[in-house]
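This report refers to the structure that appears directly beneath it.
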Amino acid sequence: RCQLGLGHRYNQDQPSLVRFPDTPDGRQPHIVAVACGEQHTLELDSEGRVYSHGGNVFGQLGHGNTRSCSRPKLIQSLVDQSVKAVAIDCGSHHSVVVAEDGSVWTFGCAEYGQLGGLTEYSDWSGGNSAVGGVQEAFNIPRRMPQFDKMDPPRKIQSICCGHLFNLVRTQFDEILSYGWNAGGNLGTGTKRAYQLVPTAVDVLRGEPISSIAAGARHSVAVSNTALTGFAFDFKVDLEHETLADITFEVRGRKLPAHKVVVFSRCPYLRSAMLMTERFCRTKLNSHAMENVQFHTVKALLTYLYTDQLKCPDHLIGELGRLARLYRLPRLSYLCSAHGKMGTPSKSNSKQATTKKEIHASSASSSSSSVSERNTLIRMREQMKQDRELGASQFCTDLSSMVNNPSFADVVFHVSELDLDELAIPIPPSSFHASSSSCTDQKIKSNSTSSISSSCDPCTMYAHKVVLISRCEYFRTIFQSGFLEQSTGVIPITGMRPAIFEMILRYIYTGDDSMSKDPDFAVEILFAADRFLLGSLKQMCEIFLEQSLDVDNAASLLVISDQCSAPRLKVACLSMIRFSWEEVRESAAYREFVTDAPESLCWDLDDYLSAKQVIEHGTVADARGAKGKGEASQIPSTSTAGSASSASLVAVPMAASAAMLSGGGSSIPLAYNTSWNRT
């Protein structure tokens with residue numbers, strides 16, 4: 001369809017130079033941006049002029065007709081209307097241009113509202129309006145009036161086009177979407193097939209969005225506060241009455257909540273309730289809030305649970321006052337930033353500034369420059385303060401509840417030994433969460449290490465609402481009628497307490513830094529596989545894959561097989577294949593031949609045979625084959641298979657740090673494969 005702009009419709013297998021119409025001064029334009037649709041192309045030059053070429057069945061070239069264009073052609077309509085473009089993008093058969101003043105110009109196919117619509121229905125693809133029968137031109141750029149009619153008017157900073165829909169980012173970091181929505185790609189939470197009027201993505205309200213992108217049927221937004229996305233997992237806990245231990249009473253209506261979330265996120269509210277309990281000499285499980293709207297309190301809890309500002313516009317001011325009352329600076333900042341949307345637009349501010357300049361024209365130039373410098377300094381300080389206040393503290397707040405007995409309703413007894421090897425039975429729990437008697441003292445890591453050296457299980461504390469929100473393993477335990485659901489006591493065997501505390505920290509805060517630590521990566525991988533933490537397991541696989549070498553490839557292959565890590569297993573097989581001669585000489589490989597499960601030996605043999613590295617049916621033994629040209633048979637079940645048939649399988653590797661540094665396998669570690677498989 002001539003989308004290459006070369007003047008013909010022949011395919012090209014090499015890049016070719018595209019010629020553009022000369023500018024008024026007789027030079028070739030300086031192209032700074034390009035966008036491609038399914039059958040057409042747009043280009044933007046440094047002067048804000050837009051060119052188009054390619055297929056034009058739907059008028060997506062913007063030339064006032066539906067004829068294809070084989071070479072780049074200036075969109076004269078934009079020039080005639082003095083539109084200086086700063087951004088362009090293309091959908092499959094429609095085009096969008098963003099002007100310097102923040103306005104949006106669209107043209108092309110609009111079957112699903114991708115050109116934007118009004119509140120009344122219009123048949124945009126046919127060019128006929130159902131209201132008044134007015135002819136609507138779709139093959140020339142038309143300014144979208146919807147953004148100007150919003151209160152306050154929106155100025156578009158960036159835009160991106162999907163197959164049949166658009167995403168835009170306003171000057172308030174607000175994301176609006178419109179067009180086709182059958183796949184939910186607009187993110188508005190509705191199941192409508194399409195959306196004519198640009199609609200805000202409420203879930204992202206309050207997020208400092210820095211970039212947006214659209215695929216054919218999906219959308220992506222990038223937030224500057226990357227940690228905030230972790231809080232979305234706690235959204236399901238809102239109004240979760242089953243595990244609620246505190247109730248907010250607002251004008252005769254009740255909102256259930258959880259102390260572990262509310263008090264960790266709002267220490268001032270916790271202190272106020274503890275003070276009330278002390279003077280009233282009674283335990284409080286409810287908090288009455290007067291002179292405030294019900295939906296304002298609901299918005300407050302939504303922020304505490306999800307770190308998102310989701311509040312009706314007319315209640316933003318009240319929520320801001322509530323945030324200041326409860327000492328929540330970030331929420332207060334978000335409300336203030338949202339309130340600035342009601343300030344005059346840039347154009348009005350510019351006019352006001354112009355009037356001030358006229359009245360101050362008699363001032364000296366020196367005082368004017370000093371004032372400008374002071375204003376610039378104040379603006380920079382304000383921007384720095386805004387960044388600090390806008391940063392999420394969600395993970396930091398929740399970290400204070402890791403292994404904390406405050407409000408805990410789950411007790412873990414963690415031991416390195418297996419359950420049948422414990423010298424003493426695990427007694428029933430006598431723990432009862434009490435907000436007034438807790439001391440909020442955590443078990444420190446050094447004391448945890450000393451306890452883990454003994455046979456006695458180490459006691460740790462957790463909260464059901466957090467475990468259910470973040471971990472499928474514990475969600476199944478607490479929601480499927482297991483004994484632990486009623487007792488709240490869970491024995492964790494075969495794991496070091498320090499490792500389990502890292503797992504708890506990941507569940508509470510999303511901190512996966514331990515997966516990149518060579519001292520813990522292997523143990524964390526086994527723990528992540530045990531507790532069904534897929535994201536953490538994947539991070540461990542990536543780190544171990546990057547740590548692969550000829551000395552630890554065989555050891556990591558056994559580990560990848562035991563904890564069902566397919567990515568790591570493929571990487572190990574590839575390393576062994578490409579460095580076969582070096583790997584077969586390593587100590588780890590000699591132990592692999594002796595101790596590895598027979599099935600894994602066959603997997604390696606089949607992989608190498610398929611790649612024509614060794615003959616089928618044999619695995620070379622470095623000790624017997626070196627210098628002799630011989631190969632020993634795969635260990636049978638009667639010899640090397642004895643270890644694999646038992647419940648414990650010896651992992652031929654040293655501690656993680658020694659193994660990852662290529663230190664061989666002097667300290668074999670044993671792991672129970674039964675819980676890995678189940």
Side-chain angles (χ1 to χ4, degrees), residues 414-419 470-474 476-477 492-507 512-549 551-576 588-589 591-592 595-604 607 641 643-660 665 667-678:
V414 187
S415 174
E416 293 186 60
L417 301 179
D418 292 321
L419 189 61
R470 290 275 296 149
C471 182
E472 181 181 355
Y473 178 90
F474 294 113
T476 303
I477 288 179
I492 303 294
T493 60
M495 180 174 297
R496 289 197 297 147
I499 297 299
F500 186 70
E501 187 170 4
M502 293 180 187
I503 293 297
L504 286 181
R505 185 167 298 278
Y506 171 78
I507 293 175
D512 59 2
S513 58
M514 79 291 287
S515 65
K516 306 175 183 65
D517 192 328
D519 293 330
F520 305 112
V522 173
E523 291 180 271
I524 293 296
L525 176 64
F526 277 96
D529 180 63
R530 177 176 180 176
F531 296 114
L532 306 179
L533 299 172
S535 298
L536 181 60
K537 180 179 177 181
Q538 186 179 33
M539 295 300 298
C540 293
E541 285 189 74
I542 293 174
F543 175 74
L544 293 175
E545 180 182 350
Q546 296 171 347
S547 306
L548 266 176
D549 56 38
D551 294 321
N552 61 25
S555 300
L556 289 178
L557 178 61
V558 176
I559 293 172
S560 66
D561 183 68
Q562 288 181 340
C563 61
S564 303
R567 173 172 179 159
L568 179 60
K569 186 174 183 178
V570 171
C572 292
L573 291 173
S574 299
M575 171 65 72
I576 295 174
Y589 179 75
E591 293 191 12
F592 171 86
D595 300 329
E598 182 178 357
S599 59
L600 185 58
C601 292
W602 278 112
D603 290 343
L604 176 60
Y607 183 84
S644 61
S645 61
S647 62
L648 291 177
V649 176
V651 181
M653 49 164 275
S656 305
M659 183 199 64
L660 295 179
S665 54
I667 308 176
L669 300 180
Y671 291 93
N672 191 322
T673 58
S674 60
W675 51 257
N676 281 317
R677 294 304 183 187
T678 56

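We number each residue from 1, following the sequence as shown.
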Residues F531, E472; criterion side chain to side chain contact (heavy atoms under 4.5 Å, CB included); working and verdict
CA-CA 8 Å; F531 296 114; E472 181 181 355; over 6 Å; no
Test side chain to side chain contact (heavy atoms under 4.5 Å, CB included) on F526 and I559 and set out the steps.
CA-CA 8 Å; F526 277 96; I559 293 172; 3.6 Å; yes
Side chain to side chain contact (heavy atoms under 4.5 Å, CB included) between L536 and S515, worked out
CA-CA 7 Å; L536 181 60; S515 65; 4.0 Å; yes
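A cation-pi arrangement is present between R470 and Y506 under the rule of less than 6.0 angstrom and at most 45 degrees off the ring axis.
Distance check: Q562 CD to L525 CG gives 10.0 Å after rounding to the nearest 0.5 Å. Rounded to the nearest 0.5 Å, atoms CZ (F592) and SG (C572) are 10.0 Å apart. With rounding to the nearest 0.5 Å, the separation of CG in L504 from CD1 in I492 is 8.5 Å. Rounding to the nearest 0.5 Å places CZ of F520 at 9.5 Å from CE of M514. Atom CG of L556 is separated from atom CG of D551 by 11.0 Å, given to the nearest 0.5 angstrom.
Under the rule for a side-chain hydrogen bond (donor to acceptor under 3.5 Å, both in side chains), the partners of S513 that lie at least two apart in sequence or sit in another chain are D511. With sequence neighbours left out, S574 forms a side chain to side chain contact (heavy atoms under 4.5 Å, CB included) with V570, F578, Y607.
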Less than 3.5 Å apart, which donor and acceptor atoms pair up between the side chains of residues 539-546 and the rest of the protein, not counting sequence neighbours?
| residue | atom | partner | partner atom | Å |
| --- | --- | --- | --- | --- |
| E541 | OE1 | R567 | N | 3.2 |
| E541 | OE1 | L568 | N | 3.0 |
| E545 | OE1 | R567 | NE | 2.8 |

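Contact detail for C471 and I507: the closest heavy-atom pair is CB-CD1, 4.2 Å. What you find for T493 and R530 is that their closest heavy atoms are O-NH1, 2.7 Å. Between K569 and L600, the shortest heavy-atom contact is CE-CD1, 3.9 Å. A528 and I503 make their closest contact through N-CD1, 4.4 Å (heavy atoms, listed as atom of the first residue, atom of the second, distance). For the pair S564 and P566, the tightest heavy-atom approach, listed with the atom from each and the gap, is O-CD, 3.2 Å. The two residues L548 and A553 make their nearest non-hydrogen contact at CD2-CA, 3.8 Å.
A donor-acceptor contact shorter than 3.5 Å links the side chain of N552 to the backbone of D549. Judged by distance alone, the side chain of D529 and the main-chain N or O of I524 form no donor-acceptor pair under 3.5 Å.
Residue R496 is tested with E501, E523, E416 for a salt bridge (Lys or Arg N to Asp or Glu O under 4.0 Å); the sole match is E523.
Put simply, the side chain of I576 does not reach to within 4.5 Å of the side chain of Y589, judged on heavy atoms.
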